[in-house]
2 protein chains.
Amino acid sequence: MPPTLTVDAVVFRLQDNDLEVLLVKRAKDPFKGEFALPGSYCSAGETSTESFERTLKVKAGCDPKQLKLVEQLYTFDTVARDPRGHAISITYMGLGKDIALQKKNATEDPDFYSLNNLPKLAFDHEIIINYAHERLRSKLAYTNAVFAMLSTTFTLTELQMAYETILGHKLDKRNFRKKILSYDLLKETGEKLTAGAHRPAMLYMFKQRALEVLVRSLD
Amino acid sequence: MPPTLTVDAVVFRLQDNDLEVLLVKRAKDPFKGEFALPGSYCSAGETSTESFERTLKVKAGCDPKQLKLVEQLYTFDTVARDPRGHAISITYMGLGKDIALQKKNATEDPDFYSLNNLPKLAFDHEIIINYAHERLRSKLAYTNAVFAMLSTTFTLTELQMAYETILGHKLDKRNFRKKILSYDLLKETGEKLTAGAHRPAMLYMFKQRALEVLVRSLD
DNA sequence: ACAAAAGTGTTAAGAATACACCCATGT
DNA sequence: ACATGGGTGTATTCTTAACACTTTTGT
């Protein structure tokens, strides 16, 4: 008799220089009406990645193809975690940009909420979100993972702001540019972005929009 | 109907400047008689850590209290992973020193095997072992995790050899000593170890025999 | 006296940090 | 002409890496 197996999804996006996470309002007890991460039971014949994708579609009206990076986080289990009894939850983190939610197809009223102002959460979901945030922060330092949270093209200032938002502190402009360019991850598009009464900014793109691990760190 | 949930254990020890992993010979099909990581089904009412500990006791005659550090690795799942059908495996890594195996109480003939000379393994267990080895290598660089694989007291040469064995390459003696001492993790015991026709070596111990995360890396 | 491992410092190269002004544009 | 964000370089400190000889012991 195996324990109950569930999947929970931590989906992050950047919006207005804020890091936001996708939450739903639970349709059923326990914690009915409270905020929670989208989650559901795993079914036989389904990998946990497939359960993750199904959960996003059904519970949050979110097409998982919009996520540019998905990574398994950790498998949480304690007997007391879920008031219904012993549950084991495999958690995944997904990152995207401009993630659309088809609320009319979603069963649990999904929306994004700023990490700086989280509502009270069901289960141990606040712990899971903090774990995911910490993982994301540390990945920024040794991978190109930000690509998943930006448009295809972006200015160096936008890139720096993404880092600052996720890390939670300011970075030095000259040092940041020197370092990120030294990694040879970016290429100039040749296009410029004119955005107001000031000098236009060069638009860059990542050479690879797939996860790359760097030798030295960036923080 | 949830998928089958199992736990697999990767237990490492250092022996004669070799990194060794605990393997069993499977008592039952599938893969009967082949080498595998100790593993079993999770039961309801049991956390996965408890399943891990029970597995070690029953399958490998290994008292889990001998492990000085235990860490969850990853949850592997693919439909094809186990010929019996869909299985999900939560994997744990355990580290110890002088790990005793009570073979007469073990159901599956446990023993340690060098990572440099692994037999053919059942399931995807070779992948899991490589994943664990990689995790261990990277943990050496930013934590004091080696403590779990050494005696309470040790010489700096022993410590360096532990690093070299796990990392798989030589380190510079003077730089290694300078760096490891600069972290302030070690204290001199005042005792010396006389071990042959040469100058005796100072014995050190870790100030904390629990996981600590360092600011800068050691490699 | 010799063999064997323990112990020890310096120099050079590279990486990280701190820091301030000119440039291109819109109004 | 002025306000706004874009773009750039240097000096200092810290970290890493390379490298060889003396010390203490047992036989």
Side-chain angles (χ1 to χ4, degrees), chain A residues 14 16-17 137-138 140-143 150-151 153-165 167-205 213-219, chain B residues 14 16-17 137-138 140-143 150-151 153-165 167-205 213-219:
Chain A
L14 289 171
D16 304 326
N17 293 330
R137 256 178 281 181
S138 88
L140 285 198
Y142 67 94
T143 71
L150 293 172
S151 322
T153 67
F154 48 84
T155 67
L156 292 183
T157 300
E158 285 166 352
L159 181 60
Q160 183 177 342
M161 288 194 309
Y163 268 89
E164 290 177 342
T165 301
L167 295 175
H169 59 84
K170 291 281 172 200
L171 299 172
D172 179 272
K173 182 161 65 160
R174 281 175 287 189
N175 294 339
F176 178 81
R177 286 165 183 238
K178 218 182 309 171
K179 203 164 177 180
I180 199 94
L181 291 173
S182 77
Y183 284 127
D184 199 34
L185 294 170
L186 304 180
K187 59 183 177 198
E188 296 188 355
T189 62
E191 305 283 302
K192 296 208 175 189
L193 177 68
T194 302
H198 55 84
R199 178 171 175 176
M202 174 62 74
L203 284 164
Y204 288 82
M205 59 193 300
V213 176
L214 310 176
V215 187
R216 288 252 155 255
S217 85
L218 185 74
D219 47 281
Chain B
L14 289 171
D16 304 326
N17 293 330
R137 256 179 280 182
S138 88
L140 286 197
Y142 68 95
T143 71
L150 292 172
S151 322
T153 67
F154 49 83
T155 67
L156 293 183
T157 300
E158 285 166 352
L159 181 60
Q160 182 177 342
M161 288 195 308
Y163 270 89
E164 290 177 342
T165 301
L167 295 175
H169 60 84
K170 290 281 171 199
L171 299 172
D172 179 273
K173 181 161 67 160
R174 281 174 287 188
N175 293 340
F176 178 80
R177 286 166 182 239
K178 221 181 306 170
K179 204 164 179 182
I180 198 94
L181 291 172
S182 77
Y183 284 127
D184 200 32
L185 294 169
L186 304 180
K187 60 182 177 198
E188 296 188 354
T189 61
E191 305 284 301
K192 297 206 174 189
L193 177 69
T194 302
H198 56 84
R199 181 170 173 176
M202 174 63 72
L203 284 163
Y204 288 82
M205 57 193 301
V213 176
L214 310 176
V215 187
R216 289 249 156 259
S217 85
L218 184 75
D219 46 283

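- Taking 4.0 angstrom as the limit, B:R174 places none of its side-chain polar atoms (N or O) nearer than this to OP1 or OP2 of C:dG7.
- For the pair B:K173 NZ and C:dG7 P, the computed distance is 8 Å after rounding to whole Å.
- Of all non-hydrogen atoms in B:L156 and B:L186, the two that sit nearest each other are CD2-CD1, 3.8 Å.
- The main-chain N or O of B:F154 is never found under 3.5 Å from a side-chain atom of B:S151 such that the two would form a donor-acceptor pair.
- Atom CG of A:L214 sits about 8.0 Å away from atom CD1 of A:I180, to the nearest 0.5 Å.
- To the nearest angstrom, P of D:dT16 lies 13 Å from CG of B:L171.
- Comparing C:dT17, C:dG9, D:dG6 by their nearest atom to the side chain of A:K178 picks out C:dT17.
- Judged by closest nucleotide on DNA chain D, A:A201 is the one of A:A201 and B:D172 placed further toward the 5' end.
- Side chains of B:Y204 and B:L159 form no contact here, defined as non-hydrogen atoms less than 4.5 Å apart.
- The distance from atom CG of A:D172 to atom NZ of A:K178, rounded to the nearest 0.5 Å, is 7.5 Å.
- Residue contacts shown for A:T157 are limited to sugar-phosphate atoms, with no base heavy atom under 4.0 Å away.
- One atom, CE of A:M202, and another, C1' of C:dA24, lie 13 Å apart when rounded to the nearest Å.
- Spacing between atom CD of A:Q160 and atom P of D:dG5 amounts to 14 Å, rounded to whole angstrom units.
- Counting to the nearest Å, the C1' atom of C:dG7 and the CG atom of B:N175 are 14 Å from each other.
- The shortest distance between the side-chain N/O atoms of B:K179 and the OP1/OP2 oxygens of D:dT16 is below 4.0 Å.
- A 4.5 Å side-chain heavy-atom check between B:T157 and B:R177 finds at least one atom pair inside the cut-off.
- Per the geometry, CD belonging to A:E158 stands 13 Å off P belonging to D:dG5, to the nearest Å.
- Rounded to 10 degrees, the angle between the two end axes of the helix from C:dA1-D:dT27 to C:dT27-D:dA1 is 10°, with five pairs used at each end.
- A:R177 places its CZ atom 21 Å from the P atom of C:dA15, with the value rounded to the nearest Å.
- Across residues 185-200 of chain B, B:A197, B:H198, B:R199, B:P200 each have a non-hydrogen atom less than 4.0 Å from an atom of DNA chain C (numbered order).
- A distance of 8.5 Å separates NZ of A:K170 from CE of A:M161, quoted to the nearest 0.5 Å.
- The minimum heavy-atom distance between A:E188 and A:M202, with the atom names listed, is OE1-CE, 3.6 Å.
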Report all side-chain donor-acceptor pairs from residues 189-197 of chain A shorter than 3.5 Å, counting only partners two or more places apart or in another chain.
| unit_1 | atom_1 | unit_2 | atom_2 | d |
| --- | --- | --- | --- | --- |
| A:T189 | OG1 | A:E191 | N | 3.0 |
| A:T189 | OG1 | A:L203 | O | 2.8 |

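- Going from atom CZ of B:F176 over to atom P of D:dA18 covers 16 Å, rounded to whole Å.
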